[in-house]
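The figures that follow rest on heavy atoms only: side chains count, while hydrogens, waters and symmetry mates do not. First the proteins, then the strands, lettered A, B, ... as listed; each starts at 1.
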Number of protein chains: 2
Amino acid sequence: MRYEQLADLPCSITRPLVVLGDRWTLLILKEAFAGVRRFNAFQSGLGIPRSRLQDRLGRLVDHGILVRQQAADGDHAEYRLSRKGHDLYPILMAIRDWGDAHMAPDGPPVHYRHRDCAGEARVTLACDCCGERMTAHDVVPEAGPGLLAHVDAVYGAGVDGPES
Amino acid sequence: MRYEQLADLPCSITRPLVVLGDRWTLLILKEAFAGVRRFNAFQSGLGIPRSRLQDRLGRLVDHGILVRQQAADGDHAEYRLSRKGHDLYPILMAIRDWGDAHMAPDGPPVHYRHRDCAGEARVTLACDCCGERMTAHDVVPEAGPGLLAHVDAVYGAGVDGPES
DNA sequence: AAAGGCGGTCTCTTTTCGAGACCGACGCTA
DNA sequence: TAGCGTCGGTCTCGAAAAGAGACCGCCTTT
């Protein structure tokens with residue numbers, strides 16, 4: 001039970017990872033972005049055990065990342081990305097960038113091209129104010145409102161901190 | 001043994017995930033980017049079992065993501081990010097962006113500010129040719145050199161495909 | 001000599017995973 | 001209408017991984 005408690009920490013990296021950080025979840029989402037929607041297609045595409053897939057799809061639906069519905073034409077089930085799930089795409093592209101750079105000795109297996117353009121999709125880290133490109137060295141962490149709310153919730157609002 | 005075999009697939013999302021896709025690995029790296037270098041600091045910072053931490057640090061060192069060395073001043077061990085490890089930062093920032101957007105009801109717990117600037121670090125997906133911002137809908141996958149090399153390796157070079 | 005910090009190991013129990021059989025519902029087709 | 005294939009989904013069971021916590025040798029400090 002210790003691991004799940006990490007989701008309560010006031011950290012926007014930790015909280016998603018409690019949901020996404022396991023063997024299969026991000027691979028399932030990768031398939032979803034590739035257009036896969038059906039249970040059996042996920043299963044055969046990844047080789048994931050059926051019971052595991054069932055569990056992971058359920059969790060993603062519970063978190064509002066996938067939406068389960070009946071297909072319009074037939075009557076089989078469909079798992080589609082919600083808006084929230086769709087927003088995960090930059091994460092997968094960031095992983096791909098790293099994979100292309102460090103785990104693809106023969107060059108990228110797949111180009112992710114811009115529709116009707118010679119270019120390719122790339123993830124960049126930049127300042128949303130001045131637009132300058134950034135690396136980890138340029139980043140300074142600073143407490144935000146979510147942290148203060150967390151402190152209030154844990155130690156009670158109206159006090160300065162855990163001194164009592 | 002099935003899961004590890006995914007690392008052989010010609011996919012730059014799958015291959016990194018076989019290394020990074022488990023409960024703790026990305027959390028350990030998050031700590032590393034926060035400046036943590038010592039075994040006990042990782043352990044107490046995350047609450048990870050010591051044996052688990054030992055295993056994960058070893059794997060990250062094996063993959064050249066962390067480098068283990070003796071500290072300059074004292075004689076304790078130090079785990080530092082290599083260049084390859086440093087390049088993982090956009091992945092963590094992409095996760096954070098999503099966490100801030102979808103799992104931080106009270107606002108971001110932490111701002112990741114640009115040094116000496118009011119702005120904040122943001123991940124964006126854009127075309128490396130025309131610079132236009134992109135989403136999953138704008139991306140068209142296309143076979144790259146790594147895929148062809150993989151086909152050659154599996155089916156033998158000099159043939160057109162798996163027809164033999 | 002005692003105490004405490006360090007990275008690291010070992011053991012034991014619980015949890016999760018993997019493989020594959022199995023299920024009912026539905027749609028074909030003979 | 002009986003047989004067959006496909007669909008999403010469930011169940012069982014042995015194997016692998018995770019969690020906890022004690023334990024270790026080494027070193028420094030007191």
*Rounded distance (Å) that lies between atom C1' of dA16(D) and atom CG of Asp22(A)*: 15 Å

*Are Arg52(A) and dA19(C) close enough that a side-chain N or O sits under 4.0 Å from OP1 or OP2?*
no

*In whole Å, what is the span from the CD1 atom of Ile48(B) to the C1' atom of dA18(D)?*
10 Å

*Between Gln43(A) (CD) and dG20(C) (C1'), how many Å, whole number?*
11 Å

*Between atom CG in Asp55(B) and atom C1' in dA16(D), what is the gap in whole Å?*
12 Å

*Can His63(A) and His102(B) be counted as having a side-chain donor-acceptor contact under 3.5 angstrom?*
no

*Once you round it to whole Å, what is the distance between C1' of dG8(C) and CD of Glu78(B)?*
17 Å

*asked:* Under 4.0 Å from OP1 or OP2 of dA18(D): is there any side-chain N or O of Trp24(B) that close?
replied: no

_Proximal nucleotide (of dC17(C), dG19(D), dG18(C)) relative to the Arg56(A) side chain_ = dC17(C)

*Got a donor-acceptor contact below 3.5 angstrom from the Arg15(B) side chain to the Met103(A) backbone?*
yes

*Decide salt bridge (Lys or Arg N to Asp or Glu O under 4.0 Å) for Arg38(A) and Glu31(A); before the verdict, give the C-alpha distance in whole Å, the side-chain angles of both, and the deciding distance to 0.1 Å.*
CA-CA 10 Å; Arg38(A) 295 168 69 158; Glu31(A) 293 288 297; over 6 Å; no

_Without decimals, in angstroms, what is the distance between Glu4(A) CD and dG19(D) C1'?_
12 Å

*asked:* Quick check against the 3.5 Å criterion: does His150(B) have a side-chain atom that pairs as donor or acceptor with the backbone of Gly146(B)?
replied: no

*What distance do Leu81(A) atom CG and Leu88(A) atom CG have between them, rounded to the nearest 0.5 Å?*
8.0 Å

_Looking at every non-hydrogen atom in both residues, tell me the closest pair between Leu92(B) and Phe33(B) and how far apart they are._
CD1-CD1, 3.4 Å

Listing time: all N or O pairs from protein to nucleotides 7-11 of chain D that are below 3.5 Å?
{"from": "dC7(D)", "atom 1": "OP2", "to": "Asn40(A)", "atom 2": "ND2", "distance (Å)": "3.4"}
{"from": "dC7(D)", "atom 1": "O5'", "to": "Asn40(A)", "atom 2": "ND2", "distance (Å)": "3.3"}
{"from": "dG8(D)", "atom 1": "OP1", "to": "Phe39(A)", "atom 2": "N", "distance (Å)": "3.0"}
{"from": "dG8(D)", "atom 1": "OP2", "to": "Asn40(A)", "atom 2": "N", "distance (Å)": "2.9"}
{"from": "dG8(D)", "atom 1": "OP2", "to": "Asn40(A)", "atom 2": "OD1", "distance (Å)": "3.0"}
{"from": "dG8(D)", "atom 1": "OP2", "to": "Asn40(A)", "atom 2": "ND2", "distance (Å)": "2.8"}
{"from": "dG8(D)", "atom 1": "O3'", "to": "Arg68(A)", "atom 2": "NH2", "distance (Å)": "3.1"}
{"from": "dG8(D)", "atom 1": "N7", "to": "Arg50(A)", "atom 2": "NH2", "distance (Å)": "3.1"}
{"from": "dG9(D)", "atom 1": "OP1", "to": "Arg68(A)", "atom 2": "NE", "distance (Å)": "2.8"}
{"from": "dG9(D)", "atom 1": "OP1", "to": "Arg68(A)", "atom 2": "NH2", "distance (Å)": "2.3"}
{"from": "dG9(D)", "atom 1": "OP1", "to": "Tyr79(A)", "atom 2": "OH", "distance (Å)": "3.4"}
{"from": "dG9(D)", "atom 1": "OP2", "to": "Tyr79(A)", "atom 2": "OH", "distance (Å)": "2.6"}
{"from": "dG9(D)", "atom 1": "N7", "to": "Arg50(A)", "atom 2": "NE", "distance (Å)": "3.4"}
{"from": "dG9(D)", "atom 1": "N7", "to": "Arg50(A)", "atom 2": "NH2", "distance (Å)": "2.8"}
{"from": "dG9(D)", "atom 1": "O6", "to": "Arg50(A)", "atom 2": "NE", "distance (Å)": "3.0"}
{"from": "dT10(D)", "atom 1": "OP2", "to": "Gln54(A)", "atom 2": "NE2", "distance (Å)": "2.9"}

*Measure the distance from CZ on Arg23(B) to P on dT14(C) and round it to the nearest whole Å.*
17 Å

